[in-house]
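The block underneath contains the structure these notes are about, expressed in structure tokens.
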Amino acid sequence: MNSYTAVQNVASNWRIAVRAVVIILAVMMSGLFSLSALASPNSAAMDISQLEKRGLVEVKAWLDRSQTNKTEPYAINQQIIMYIEVATPRWFTGGTLISNIDLPNVIVKQRNKLATNYTERKNGQTWSRQRWEVTLYPQQSGAYIIPATGVELQVSVPGGLNVRGRFYTPPLSFSVALPSGRLNSDGDWAAASELKAEQVWDSSNEELAVGDVITRTVQVKGKDTLSVLIPLLIPEDPSSEYQAYPQPHRLKDTQERGNYSSSRQEQVMYVLQAGGDVHFPDLNIQWWNTQTQQVETLQVAGKTFTVRHTFQSLVNTYWQQLMFWGGIGLGVVLLIGVLTRYYRTHPFPALIDYGMALNRRQWTKAKTMAYNKFRNETGLLELGGRSTAAQWQQLSIEFQLGQPSRRLFWQVWRIMLYTGLSLNLKKQCLRLLHPLQLLVPAALPQLKSAKANKKRH
């Protein structure tokens with residue numbers, strides 16, 4: 001009996017022990033289920049909302065000029081920085097993600113991939129803060145509204161757990177306008193806080209000739225702008241002096257500690273096609289200075305190169321002039337040939353014959369030709385009868401009795417030539433005026449009839 005009772009007691013103790021183990025295991029399993037429930041998305045969302053309601057998480061956003069109380073609109077192409085700041089008195093345990101911002105006619109880029117982290121004391125607590133930057137570049141005038149932007153972050157909560165959730169920034173608005181009437185809306189100008197240019201010239205030879213190559217490299221660097229917004233630097237103007245071969249453009253955008261820099265580099269290779277002075281013009285780049293609020297012009301100096309001709313380039317360059325003067329030369333040669341053949345069988349003109357006689361010092365022949373010309377044009381026999389002027393009288397005496405000379409003989413011939421021209425001109429004028437005389441009635445008709453009768457007799 002005692003042994004049976006002892007066996008029952010032992011069995012009872014074992015059942016109690018097994019029940020205790022089962023209860024402990026049940027409690028542990030329920031704890032695990034509760035922890036998994038806390039880690040579920042629903043509980044996380046509930047915890048995030050609770051953190052926000054309790055003021056343990058802050059999210060705010062503003063534009064870079066909102067705190068300066070400036071109301072004037074931004075300029076087209078001007079860089080606008082949107083700041084997004086998140087804060088918590090706990091600490092951030094995961095990466096923060098900013099949702100994409102899509103605005104029509106606005107280039108949006110998150111150029112700075114890292115946030116600015118710092119701490120701040122607030123109501124006796126140390127808050128951890130992250131400040132993110134998103135750059136915007138409006139392309140047209142108008143009013144814009146940045147919609148609520150999602151910010152996903154992860155923070156720690158009491159109990160050693162991490163909670164992740166999404167917050168939204170308040171909507172932001174801004175306006176954009178053309179900053180100056182000197183600029184156009186086509187966008188062939190830049191907006192920056194600083195803009196400067198560098199230029200390098202390179203040539204294949206020191207002494208250039210047709211066929212050599214000149215390389216022009218221009219780089220423009222700007223602050224608070226975007227490389228694609230810097231206008232084209234070297235225009236592609238066709239020219240007969242060279243053949244241009246543009247190289248791929250090099251665009252670069254960088255940021256360092258919140259300082260945004262961009263550069264645009266263009267390079268063109270010119271193969272020289274003509275000799276002489278080849279001029280490459282200045283480059284003028286207009287830009288809006290966002291610091292001084294003024295329109296400025298960035299000038300890149302041009303350059304002139306002297307290029308030696310080759311025979312082919314000389315012909316290609318001056319073929320029109322060569323054809324012109326060659327044609328004139330050929331015409332002169334043909335004319336001389338025709339005149340030579342003609343005057344072999346015909347007498348020379350009086351002027352040429354007179355000049356040849358003077359060159360050969362044939363004074364008698366020259367004097368005879370002068371007398372004949374004078375008699376044919378004036379009808380007089382003596383040179384002195386042409387004029388009573390003392391100068392002509394002295395000249396006629398020297399011509400007849402003085403020492404002969406080319407100067408004297410040419411002077412007499414020239415005066416006689418002028419006399420002949422004046423007589424011919426007078427005759428031509430009378431011939432032209434004759435039809436007008438027929439239209440005007442005669443003042444004395446009887447005198448006209450008397451002249452006619454006299455001519456008949």
Side-chain angles (χ1 to χ4, degrees), residues 44 48 51-52 55-68 74 77-103 106-122 125-139 144 146-157 161-172 174 190-195 219-230 250-265 290-291:
I48 282 290
L51 291 175
E52 185 179 12
L56 299 179
V57 174
E58 292 181 355
V59 177
K60 59 181 179 179
W62 69 92
L63 300 179
D64 56 351
R65 282 199 331 203
S66 299
Q67 295 179 341
T68 59
Y74 293 92
N77 294 335
Q78 181 176 351
Q79 176 178 275
I80 305 173
I81 300 180
M82 175 184 177
Y83 293 100
I84 299 176
E85 187 173 272
V86 292
T88 179
R90 304 291 298 177
W91 56 88
F92 298 100
T93 58
T96 302
L97 299 178
I98 309 296
S99 299
N100 293 330
I101 301 175
D102 188 12
L103 285 177
V106 177
I107 300 176
V108 182
K109 296 180 71 69
Q110 189 176 346
R111 296 173 63 177
N112 191 352
K113 302 300 182 180
L114 301 177
T116 302
N117 295 279
Y118 64 99
T119 59
E120 182 183 38
R121 295 288 294 179
K122 180 179 178 181
Q125 288 183 310
T126 300
W127 283 65
S128 299
R129 295 186 177 273
Q130 289 184 353
R131 181 174 295 177
W132 299 85
E133 297 179 4
V134 179
T135 54
L136 302 93
Y137 304 89
Q139 303 298 289
Y144 295 85
I146 304 175
T149 304
V151 181
E152 187 175 342
L153 52 86
Q154 180 175 296
V155 298
S156 66
V157 294
L161 298 178
N162 298 324
V163 178
R164 191 170 188 86
R166 180 183 293 269
F167 295 88
Y168 290 91
T169 64
L172 301 174
F174 63 94
S193 60
E194 180 182 322
L195 204 69
Q219 184 180 44
V220 171
K221 298 179 180 179
K223 292 184 178 180
D224 298 328
T225 186
L226 203 60
S227 60
V228 296
L229 299 180
I230 300 176
R250 297 181 181 179
L251 307 179
K252 186 177 181 181
D253 298 293
T254 60
Q255 69 80 31
E256 183 178 358
R257 297 180 181 179
N259 297 320
Y260 297 96
S261 301
S262 300
S263 66
R264 181 187 189 94
Q265 178 178 302
T290 57
Q291 294 293 324

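No donor-acceptor distance shorter than 3.5 angstrom exists from the side chain of Q78 to the backbone of A191, with no hydrogens or angles considered. Using a distance-only test at 3.5 Å, with no hydrogens or angles considered, no donor-acceptor pair links the side chain of T96 to the main chain of L153. Panel note: side chain T169, backbone T149; a donor-acceptor pair is recorded below 3.5 Å.
Within the 4.5 Å cutoff, the side chain of Y83 has heavy atoms near those of the D64 side chain. The closest side-chain heavy-atom distance from I146 to L136 is below 4.5 Å. At a threshold of 4.5 Å between non-hydrogen side-chain atoms, the residues F167 and V86 do not count as touching. I84 is listed as a side-chain neighbour of I98, based on a closest heavy-atom distance under 4.5 Å. T126 has its side chain out of reach of P89: every pair of non-hydrogen atoms, C-beta onward, lies at least 4.5 Å apart. Side-chain contact between Q219 and S263 is present, with heavy atoms from C-beta onward closer than 4.5 Å. A 4.5 Å side-chain heavy-atom check between V220 and L195 finds at least one atom pair inside the cut-off. Using a 4.5 Å heavy-atom cutoff, the side chains of W62 and M82 are not in contact.
Nearest approach of T135 to K109, heavy atoms of both residues: OG1-O, 2.7 Å. The shortest non-hydrogen separation linking S128 to R90 is OG-O, 3.4 Å. Of all the heavy atoms in A61 and P170, the pair that sits closest is N-CD, 4.4 Å. A190 and I230 get closest at one heavy-atom pair: CB-CA, 4.4 Å. Closest approach of G150 to R166, counting heavy atoms only: CA-NH1, 3.9 Å. Residues L251 and S227 approach most closely at CB-OG, 3.5 Å, considering heavy atoms.
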The test is side chain to side chain contact (heavy atoms under 4.5 Å, CB included); show your working for Q130 and Y118 and say whether it passes. CA-CA 7 Å; Q130 289 184 353; Y118 64 99; over 6 Å; no
So V108 and V134, side chain to side chain contact (heavy atoms under 4.5 Å, CB included) or not? Walk me through it. CA-CA 7 Å; V108 182; V134 179; 3.6 Å; yes
When you look at K122 and E58, which way does the side chain to side chain contact (heavy atoms under 4.5 Å, CB included) test go after all the steps? CA-CA 12 Å; K122 180 179 178 181; E58 292 181 355; 2.4 Å; yes
Given side chain to side chain contact (heavy atoms under 4.5 Å, CB included), test L229 with I107 step by step and report yes or no. CA-CA 10 Å; L229 299 180; I107 300 176; 4.1 Å; yes
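Looking at S193 and Q291, their side chains never bring a donor and an acceptor atom within 3.5 Å of each other. In summary, the side chains of R129 and T88 do not present any donor paired with an acceptor at a separation below 3.5 Å, with no hydrogens or angles considered. Looking only at atom types and distance, the side chain of Q79 has a donor-acceptor partner in the side chain of Y137 under 3.5 Å away.
Sparse packing is recorded around CD of E256, with 12 or fewer heavy atoms of other residues, nucleotides or ligands lying under 6.0 Å away. Heavy-atom contacts from other residues, nucleotides or ligands closer than 6.0 Å to CG of N117 number more than 12.
Between F174 and Y144, the ring planes are parallel. Angles under 30° get that label, and only those over 60° would be called perpendicular.
Note that CD of Q154 is 5.0 Å distant from CZ of R164, once rounded to the nearest 0.5 Å. Rounded to the nearest 0.5 Å, atoms CG (L63) and CD1 (I80) are 6.5 Å apart. From L226, atom CG reaches atom OG of S262 across 5.0 Å, with rounding to the nearest 0.5 Å. With values rounded to the nearest 0.5 angstrom, E133 atom CD is found 11.0 Å from L114 atom CG.
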